[in-house]
Amino acid sequence: MTFAQPKMTARDVSVFYGPKQAVKSVTIDVPTDEVTAFIGPSGCGKSTFLRTLNRMNDTIPAARVEGQIALDGEDIYSAGMDVVQLRARVGMVFQKPNPFPKSIFENVAYGPRIHGLARHKSDLEAIVQRSLKRAGLWDEVKDRLSDSGTALSGGQQQRLCIARAIAVDPEVILMDEPCSALDPIATARIEELIAELRGNYAIVIVTHNMQQAARVSQRTAFFHLGQLVEYDATDTIFTAPKEARTKDYITGRYG
Amino acid sequence: MNPLALLFLVLGLGLIAWLSARARAIALDRGGAQLHSRPRQHATYVALWTVVPALIFAAIWAALSPSLVTASVLADPAAAVLPAGGFERDSILAEARSLALGRGYGAFYDESEALAPVFAQAQSFYRWIGAGIVVLLAVAGAAYALSRITPLFRARAQVERGVMLALLVASLIAILTTLGIFLSLVFESARFFAIVPVTDFLFGTTWSPQVISQRDPGASLGAVPLFWGTFFIGAVIAMIVAIPLGLMSAVYLTQYAHPRVRRWVKPCLEILAGVPTVVYGYFAALTVGPAIRQIAVALGMPYASSESALSAGLVMGVMIIPFVSSMADDSIAAVPTAMRDGSLAMGATTNETIRRVLLPAALPGVVAGILLAVSRAIGETMIVVMAASGAATITLNPFESATTVTKQIVDLLTGEAEFDSAKTLAAFALGLTLFVITFLLNIVALRVVKRYREAYE
């Protein structure tokens with residue numbers, strides 16, 4: 001499936017961990033201002049593929065990526081690409097909340113500081129406040145910004161990580177099973193947040209939870225055994241999948 | 001009876017007890033009874049009862065019997081020839097003992113020859129009594145334990161308790177030894193502080209044990225220059241070397257090095273900790289010291305000595321690099337990968353990630369490593385003995401000579417002074433102070449590490 005103006009494009013992308021191939025020739029377009037969900041059984045390569053979109057696989061020495069991935073038409077694996085800049089444009093939220101062992105304020109201010117986004121302290125404070133508000137965390141933490149980020153509850157920590165990611169004003173946010181370590185109430189808050197953030201960012205979310213994919217995403221890609229089996233509008237995937245494997249998976253025949 | 005033969009006798013009895021207990025338990029089992037414990041466990045239980053009380057008694061007897069022997073020798077009419085007391089009396093007794101044991105070559109005192117047979121007789125008497133009681137205890141223990149073997153008897157739990165007790169004793173020995181070391185220091189130091197006031201020792205700034213005035217011994221036994229030298233060499237110069245090098249190598253090994261490089265470099269670095277300190281001492285005295293002297297001369301200090309604080313400190317710093325780096329390495333590696341990924345995903349470089357996220361998160365572990373390294377450095381002796389001179393000065397000039405507490409202890413105890421002079425006793429007071437300082441440093445380091453562990457689990 002292709003779009004007139006995709007945010008990110010992947011062409012024939014394969015990922016190898018040593019001799020083992022984890023992602024097999026995936027071609028996909030990620031739309032702007034929409035939420036795209038990657039679903040599939042464990043070990044199907046969806047998280048691995050997600051991590052190629054901001055080159056986080058670079059941190060794993062044995063990983064090797066083939067094929068072409070572009071952000072706004074620019075090849076992100078080309079020699080001229082600055083990984084640091086790329087990751088500022090393509091932010092990421094992880095499976096387990098991973099706030100730094102710093103204060104709430106410093107957690108959000110981390111990105112703006114390293115990228116020099118704030119000239120004055122007041123600018124930085126404004127960015128932190130705006131990011132926390134967008135992440136729906138401001139009212140809960142505004143009186144204790146100097147408390148440690150690790151002292152928050154799991155759901156708050158995850159929203160703090162989202163605030164941290166949006167503080168550098170990224171164009172794309174990658175979320176790798178952001179709710180799998182959270183309870184249902186915290187999960188619902190994150191899902192609401194994703195709905196609010198849609199329209200400002202291209203969001204790609206990997207999830208195990210098919211109801212979650214159905215609730216939050218507009219497009220869904222089904223991965224199986226390293227391959228992209230089917231990619232379509234979420235409604236279509238969940239009501240009228242074209243592939244038998246997709247149908248089997250969403251009806252719970254395996255996974 | 002020969003102690004070794006006795007030991008084998010007891011072990012042999014233990015083996016017999018083991019075999020017979022097992023046979024008995026197996027017979028019970030065959031007889032259709034439902035045994036609570038396995039025959040092996042019954043056997044071990046009986047063997048323990050046979051061997052352990054007997055050996056404990058043997059150990060106690062070995063400690064007690066010499067004084068019993070001496071007492072009975074003194075009670076003998078032959079002891080009447082001994083002088084009433086003092087040095088001679090002790091010497092004669094000691095000589096008689098070694099003659100009785102067949103170790104002496106002819107006698108210096110005639111009286112001891114007369115006493116030797118009495119000694120030998122008393123010795124063999126008590127030895128046989130001891131051996132008899134040991135064998136009796138072994139047999140009694142075996143009989144008692146064998147009588148307890150019934151199908152319901154929980155030999156397994158009993159053996160478990162025996163093992164637990166053995167482990168407890170093992171750990172107590174280590175603790176009691178530490179306590180013993182501490183107490184021996186305290187008693188000797190108390191004698192020292194009876195001669196020299198504590199305040200003179202702790203706050204005095206003159207250290208010249210060569211000339212101690214009888215009227216005011218405290219005036220030349222002020223330890224401040226020594227502690228300054230120790231601090232300057234061990235905690236300043238050595239740390240200036242060890243902290244950056246140790247930290248940087250830890251960061252390189254955990255964050256940048258290819259796993260294959262890490263596999264080789266890390267053990268090499270740890271070998272540094274295993275080099276005997278005497279070897280470091282050579283290196284400091286023969287290689288680094290003269291080189292530093294030349295630098296000092298070039299810098300306009302024509303009378304610089306090759307025995308400088310700098311050479312000892314530098315080499316000591318190299319020696320403790322592994323202490324800093326392996327603690328730092330462990331604590332950086334213990335920072336969850338999620339932290340690192342989180343920072344990298346924000347677009348931070350590896351360097352920014354290390355400085356802003358990994359090191360702050362690993363800081364408690366790093367600090368603990370540094371504290372342990374400091375306590376190691378200030379207790380280090382050999383390098384300073386070989387590479388730093390004895391002049392006790394309070395100076396900030398690293399090219400000047402300096403001395404440390406440990407070096408002075410060596411000097412004080414290797415002289416020919418009497419053992420209870422203020423000069424010799426000062427060594428114990430120095431040792432005690434050093435012990436307390438390193439002990440406190442270790443406690444602080446362990447607490448820091450503990451707090452850090454809690455933060456991530």
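Below, read A as the first sequence line, B as the second, and so on, with proteins coming before strands; counting in each chain starts at 1. Model, not experiment: these values are computed from the prediction.
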[X], [atom1] atom: more than 12 neighbouring heavy atoms under 6.0 Å:
X: Glu160(B); atom1: CD; answer: no
X: Tyr282(B); atom1: OH; answer: no
X: Phe439(B); atom1: CZ; answer: no

I need the [X] [atom1] to [Y] [atom2] distance, nearest 0.5 Å.
X: Gln255(B); Y: Thr59(A); atom1: CD; atom2: OG1; value: 11.0 Å
X: Met56(A); Y: Asp341(B); atom1: CE; atom2: CG; value: 4.0 Å
X: Met346(B); Y: Met92(A); atom1: CE; atom2: CE; value: 13.0 Å

Point to revise | Proximity of residues 230-246 of chain B to chain A, residues having a non-hydrogen atom under 4.5 angstrom | key: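 When heavy atoms of chain A are the reference, residues 230-246 of chain B contributes no residue within the under-4.5 Å range.
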
Taking all atoms of both residues into account, what is the closest heavy-atom pair of [X] and [Y], and its distance?
X: Ala345(B); Y: Asn54(A); result: CB-ND2, 4.4 Å
X: Ala348(B); Y: Tyr110(A); result: CB-OH, 3.7 Å
X: Ile114(A); Y: Gly347(B); result: CD1-C, 4.1 Å

Is it the backbone or the side chain of [X] that comes under 4.5 Å from a heavy atom of chain B, or both, or neither?
X: Arg164(A); result: both
X: Val93(A); result: neither
X: Pro99(A); result: backbone
X: Phe100(A); result: both

Review point. Quick check: does any side chain N or O of Lys102(A) sit under 3.5 Å from a backbone N or O of Val357(B), one acting as donor and the other as acceptor?
Key: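 Absent.
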
Review point. Are Lys96(A) and Pro336(B) close enough that some pair of their side-chain heavy atoms sits under 4.5 Å apart?
Key: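 Side-chain contact under 4.5 Å: no.
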
**Study point:** Portion of Thr350(B) that has a non-hydrogen atom of chain A nearer than 4.5 angstrom
**Key:**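 Thr350(B) has no heavy atom closer than 4.5 Å to chain A.
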
